[in-house]
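Below is one structure, written out as structure tokens; comments come after it.
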Amino acid sequence: MSEAIVAKRYADALFELGKEKNTLDQFVEEFQVVREVFQQDAQLNTFLEHPRIHQMKKKQMLEKAFQSMNQDVVNTLLLLLERDRVQIVPSMIDHLIQRVNDAKGIAEATVYSVRELSDSEQQELEKTIAKRFQIKSVTIHNIVDPSIIGGIRVRVGNTIMDGSISGKLKRMEREIASANN
């Protein structure tokens with residue numbers, strides 16, 4: 001079974017558990033910290049996946065590192081460790097956050113622009129995206145990308161809206177190339 005499917009199943013189970021215990025927001029907050037730790041600390045991943053390090057040492061390290069977190073968060077990490085699924089932690093967390101956001105009518109959008117967007121531009125863009133996708137609210141992550149030349153490129157989930165100059169130039173290039181054939 002693929003890692004993405006397994007990660008989604010764990011995320012779905014965590015979503016149901018969080019809903020049942022009314023701790024979804026706490027789960028999201030704490031799992032975002034866990035994801036950050038897993039993504040930034042390569043030594044942690046190496047340690048947890050190393051076959052010669054005893055399982056008990058790995059468990060102790062996880063319990064100590066995340067002791068201030070909700071017990072369900074720690075238990076999930078320990079369960080994944082026992083089942084040799086530690087590598088799916090970041091993906092599982094992404095699925096969980098997406099599931100919680102979907103339930104709340106919130107979307108995350110990545111906006112690529114030539115310069116940092118002002119607060120007023122971000123607010124206007126949030127309103128426009130929320131209206132376009134018929135959702136309650138949008139959280140924007142602005143990424144400065146000079147290669148787009150001008151305009152913006154917006155990604156919401158699997159949908160990309162490209163209003164950048166570089167995108168328009170590429171489309172024109174394809175049209176010209178297909179017209180010559």
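When a residue number appears, it is its place in the shown sequence, counting from 1.
- Shown here is Gln71, whose CD atom has more than 12 heavy atoms of other residues, nucleotides or ligands within 6.0 Å.
- Of all the heavy atoms in Ala130 and Val138, the pair that sits closest is N-CG2, 3.6 Å.
- The shortest side-chain heavy-atom distance between Met92 and Leu14 falls under the 4.5 Å cut-off.
- Around NE2 of His54, the count of heavy atoms belonging to other residues, nucleotides or ligands within 6.0 Å does not exceed 12.
- Gln123 CD to Thr128 OG1: the interatomic distance, rounded to the nearest 0.5 Å, is 11.5 Å.
- Heavy atoms only, all atoms of each residue included: Phe38 and Asn45 are closest at O-ND2, 2.9 Å.
- Evaluation of the salt bridge (Lys or Arg N to Asp or Glu O under 4.0 Å) rule for Glu82 yields Lys59 as partners, not counting sequence neighbours.
- If you take CG on Leu125 and CZ on Arg132, they are separated by 12.0 Å, rounding to the nearest 0.5 Å.
- Considering all non-hydrogen atoms of both residues, His50 and Arg52 come closest at ND1-N, 3.0 Å.
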From CA spacing to verdict: side chain to side chain contact (heavy atoms under 4.5 Å, CB included), Ser120, Glu124: CA-CA 6 Å; Ser120 63; Glu124 191 62 37; over 6 Å; no
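- The nearest pair of heavy atoms linking Ile148 to Gly151 is CD1-O, 3.5 Å.
- Once rounded to the nearest 0.5 Å, the distance linking CG of Leu96 with CZ of Arg35 reads 9.5 Å.
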task: Mind running side chain to side chain contact (heavy atoms under 4.5 Å, CB included) on Glu173 and Leu169 for me, showing each step along the way?
output: CA-CA 6 Å; Glu173 181 182 7; Leu169 289 172; over 6 Å; no
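- Across all non-hydrogen atoms, the minimal contact from Val154 to Ile152 is CG2-CD1, 3.8 Å.
- Hydrophobic cluster membership is shared by Phe66 and Val28, with clusters built from Ile, Leu, Val, Met, Phe, Trp and Tyr side chains linked at under 4.5 angstrom.
- Under a hydrophobic clustering in which Ile, Leu, Val, Met, Phe, Trp and Tyr are joined whenever their side-chain heavy atoms come within less than 4.5 Å, directly or via other members, Val33 and Met61 fall into the same cluster.
- Residue Leu48 is grouped with residue Leu79 when hydrophobic side chains (ILVMFWY) are merged at heavy-atom distances under 4.5 angstrom, including chains of intermediate members.
- Here the CD-CG distance, from Glu126 to Asp119, works out to 9.5 Å after rounding to the nearest 0.5 Å.
- With values rounded to the nearest 0.5 angstrom, Leu62 atom CG is found 14.5 Å from Lys57 atom NZ.
- For CD of Glu29, the number of neighbouring non-hydrogen atoms (other residues, nucleotides, ligands) closer than 6.0 Å is 12 at most.
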- prompt: Does the pair Asp94 and Gln98 meet the rule for a side chain to side chain donor-acceptor pair (under 3.5 Å), with working shown?
  reply: CA-CA 6 Å; Asp94 290 343; Gln98 183 63 50; over 6 Å; no
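- Judged purely by atom type and a 3.5 angstrom limit, Glu30 has no side-chain atom pairing as donor or acceptor with the backbone of Ser68.
- If you chain together hydrophobic residues whose side chains sit under 4.5 Å apart, Leu77 and Ile53 fall into the same group.
- Listed by first and then second residue, the salt bridge (Lys or Arg N to Asp or Glu O under 4.0 Å) pairs that reach into residues 151-161 are Arg153-Asp162, sequence neighbours excluded.
- The number of heavy atoms from other shown groups lying within 6.0 Å of NZ (Lys58) is above 12.
- Side-chain atoms of Asn142 come within 3.5 Å of backbone atoms of Val111 as a donor-acceptor pair (strictly under, hydrogens ignored).
- The distance from the CG atom of Asn22 to the CG atom of Leu24 is 7.5 Å, given to the nearest 0.5 Å.
- Atom CZ of Arg171 sits in a crowded spot, with more than 12 heavy atoms from other residues, nucleotides or ligands closer than 6.0 Å.
- In this structure a side-chain-to-backbone donor-acceptor pair under 3.5 Å is present from Glu121 to Ser118.
- A 4.5 Å side-chain heavy-atom check between Ile97 and Phe31 finds every atom pair outside the cut-off.
- No chain of hydrophobic side-chain contacts below 4.5 Å, direct or via other Ile, Leu, Val, Met, Phe, Trp or Tyr residues, connects Val100 to Ile135.
- Of all heavy-atom pairs between Tyr10 and Ile88, the closest is CD1-CD1, 3.8 Å.
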